[in-house]
Protein chains: 2
Amino acid sequence: MTKTNREQRREETFLEIKATARRLMAEHGTAGLTVRGIAKEMGMTPPALYRYYDRLDDLITALITENFHALADALESACAAATPGRTVDKLMAAALAYRRWALDNPVDFELIYGTPIPGYHAPQEITVPASARTLVVFVGLFVEALENRECMPPPPYDRVPPELRSHLEQIMRDGDPTGSAPLLALYLALVCWPQIHGLVMLELLEHIGPVVGDMEFFARSQFENMGRAIGFTI
Amino acid sequence: MTKTNREQRREETFLEIKATARRLMAEHGTAGLTVRGIAKEMGMTPPALYRYYDRLDDLITALITENFHALADALESACAAATPGRTVDKLMAAALAYRRWALDNPVDFELIYGTPIPGYHAPQEITVPASARTLVVFVGLFVEALENRECMPPPPYDRVPPELRSHLEQIMRDGDPTGSAPLLALYLALVCWPQIHGLVMLELLEHIGPVVGDMEFFARSQFENMGRAIGFTI
DNA sequence: CGTAAACAGTTTACACTGTAAACATTTCAT
DNA sequence: ATGAAATGTTTACAGTGTAAACTGTTTACG
């Protein structure tokens with residue numbers, strides 16, 4: 001089944017719209033994301049864009065899901081680049097990649113993890129699955145580390161709190177139908193993620209960097225302390 | 001020096017503008033923060049507001065600084081309400097108050113710690129001092145805990161990393177001219193803050209709650225684990 | 001007290017924003 | 001080749017922030 005000219009041009013236009021939107025946002029922040037701005041940049045009239053996205057919100061949603069996937073991809077390739085077998089290296093690489101991606105793509109990160117653009121409401125059935133991939137990367141690392149006995153969590157990280165058990169089991173079932181992965185992996189991922197995220201968020205919005213000074217070092221050391229706390233030997 | 005009628009009415013109008021802005025934002029999110037909306041609500045014409053704030057940005061700045069102070073006040077009174085002498089209780093109370101304030105005042109929290117409203121740029125010389133108060137509360141707790149030997153940090157939290165030392169010393173000097181407070185207190189505050197913040201931020205924007213289930217419990221347990229890790233006995 | 005200045009408000013206007021409706025043109029399938 | 005579908009433009013409307021000019025009120029001072 002070969003594509004007709006029109007279908008191909010349509011796909012290209014979709015790509016051009018998103019690319020233009022990204023360029024304008026990189027230059028002027030989320031304030032640069034306007035129908036008229038994108039249209040002018042592309043040599044079109046604003047209403048023409050409505051042939052591609054019914055509302056500006058739909059374009060935002062498309063950008064957001066792409067960003068979630070781009071972040072998850074960055075984490076995965078960082079893990080892949082780490083020493084095979086040394087899962088702790090992968091965890092450090094993933095945490096640092098999370099930070100690096102945020103710092104290198106600040107607006108894209110704000111778009112997914114920051115306050116929603118005023119008036120925008122994310123259709124969760126679309127964004128949530130994409131969003132989940134990030135957490136899945138970390139869960140995967142802990143599955144590997146626990147299996148290989150590379151991570152030996154001391155109390156209180158050696159077992160899932162009973163208060164969370166049943167709900168986490170259900171989440172695990174929905175995501176992984178085989179249900180083979182240890183529940184503790186999900187719990188440990190949920191312990192680590194907020195620590196990484198909080199540091200990155202505060203640094204990105206310049207709340208903590210000026211106080212700490214060397215954020216590069218601080219982030220590294222915090223991630224290492226985190227790894228040690230949950231049972232890795234670094 | 002008694003206030004003239006006009007001065008008093010002017011002050012009241014300032015208050016009414018901010019109160020109206022807060023009400024509209026609570027109802028419609030940051031998208032509800034419009035000059036015209038506030039004016040209509042107050043029975044004025046939009047340009048009239050410009051007698052009080054030269055730009056909408058200035059009103060936003062006023063709201064932001066008030067929010068920083070309100071959050072810091074909430075932390076302080078939570079500490080004050082905790083068992084005297086039990087600094088660990090104060091730390092837990094402060095962390096939980098941070099979360100509670102964010103959940104109870106989501107838009108206000110987003111305004112200070114979320115992505116800036118598109119097009120808005122914070123004048124840092126105004127917002128930074130107000131922002132600092134939050135961190136100062138935590139630093140104060142660690143000063144107290146270290147002095148009373150209530151907190152006995154194990155490695156690697158028993159000393160300030162040399163890579164951060166000189167910069168933290170300078171920060172400490174600028175904030176506290178006596179320079180008496182132990183540097184380690186600032187370091188421990190910087191270790192804890194991102195952990196608390198990350199959890200709250202992810203919960204507030206609904207990235208982690210649906211996965212965890214019982215966020216109330218999870219936050220509590222995470223804060224306790226954090227306290228133990230840096231040398232408190234809970 | 002009377003007057004001039006400062007203040008507080010309205011009216012009008014402009015340059016933006018998203019988007020709906022009507023219409024013209026191009027492209028494709030039959 | 002013809003009808004339908006897709007893609008664009010034009011025009012329009014209801015929002016947005018805010019600047020300029022103007023009017024009325026309140027205050028401070030000679």
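Every value quoted in this text rests on a predicted model; they were computed, and no experiment measured them. When reading the values below, keep in mind they use all heavy atoms of this one structure, side chains included, and skip hydrogens, waters and symmetry mates.
- Taking 4.0 angstrom as the limit, A:Y53 places none of its side-chain polar atoms (N or O) nearer than this to OP1 or OP2 of C:dG18.
- In this entry the distance linking NZ of B:K40 with P of D:dT16 reads 8 Å, nearest Å.
- Partners of B:R220 under the side chain to side chain donor-acceptor pair (under 3.5 Å) rule, at least two apart in sequence or in another chain, are B:E216.
- B:Y52 comes within contact range of the sugar-phosphate backbone alone, with a heavy-atom separation under 4.0 Å but no base atom that close.
- Atom CD of B:E16 and atom P of C:dA8 are 14 Å apart (whole Å).
- Rounding to whole angstrom units, CD1 of residue B:I38 and P of D:dG15 are separated by 17 Å.
- For A:R10 and A:Y52, the positive end sits near the middle of the six-membered ring, less than 6.0 Å away and at most 45° from its axis.
- Between A:I60 atom CD1 and C:dT17 atom P the separation is 14 Å, expressed in whole Å.
- A:E11 places its CD atom 15 Å from the P atom of D:dA6, with the value rounded to the nearest Å.
- Between B:H197 and B:W193, the ring-plane angle classifies as perpendicular under the 30° and 60° cut-offs.
- What separates CZ of A:R9 from P of C:dC28 is a distance of 9 Å, to the nearest Å.
- Atom C1' of nucleotide C:dA8 and atom CD of B:Q8 are separated by 16 Å, given to the nearest angstrom.
- Residue B:R10 places none of its side-chain N or O atoms closer than 4.0 Å to OP1 or OP2 of C:dA6.
- Around the NE2 atom of B:H69, the shell of radius 6.0 Å holds more than 12 heavy atoms that belong to other residues, nucleotides or ligands.
- Nucleotide C:dT10 holds its P atom 9 Å from the CG atom of B:L49, rounded to whole Å.
- A centroid separation of less than 6.0 Å is found between the aromatic rings of B:Y98 and B:F109.
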Going 5' to 3' through nucleotides 17-25 of chain D, assign each nucleotide B (protein heavy atom under 4.0 Å from a base atom), S (under 4.0 Å only from sugar-phosphate atoms) or - (no protein heavy atom that close).
-> BBB-----B

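- Within a 6.0 Å sphere centred on CZ of A:R9, heavy atoms belonging to other residues, nucleotides or ligands number 12 at most.
- Side-chain rings of B:Y53 and B:F14 approach one another, their centers coming within less than 6.0 Å.
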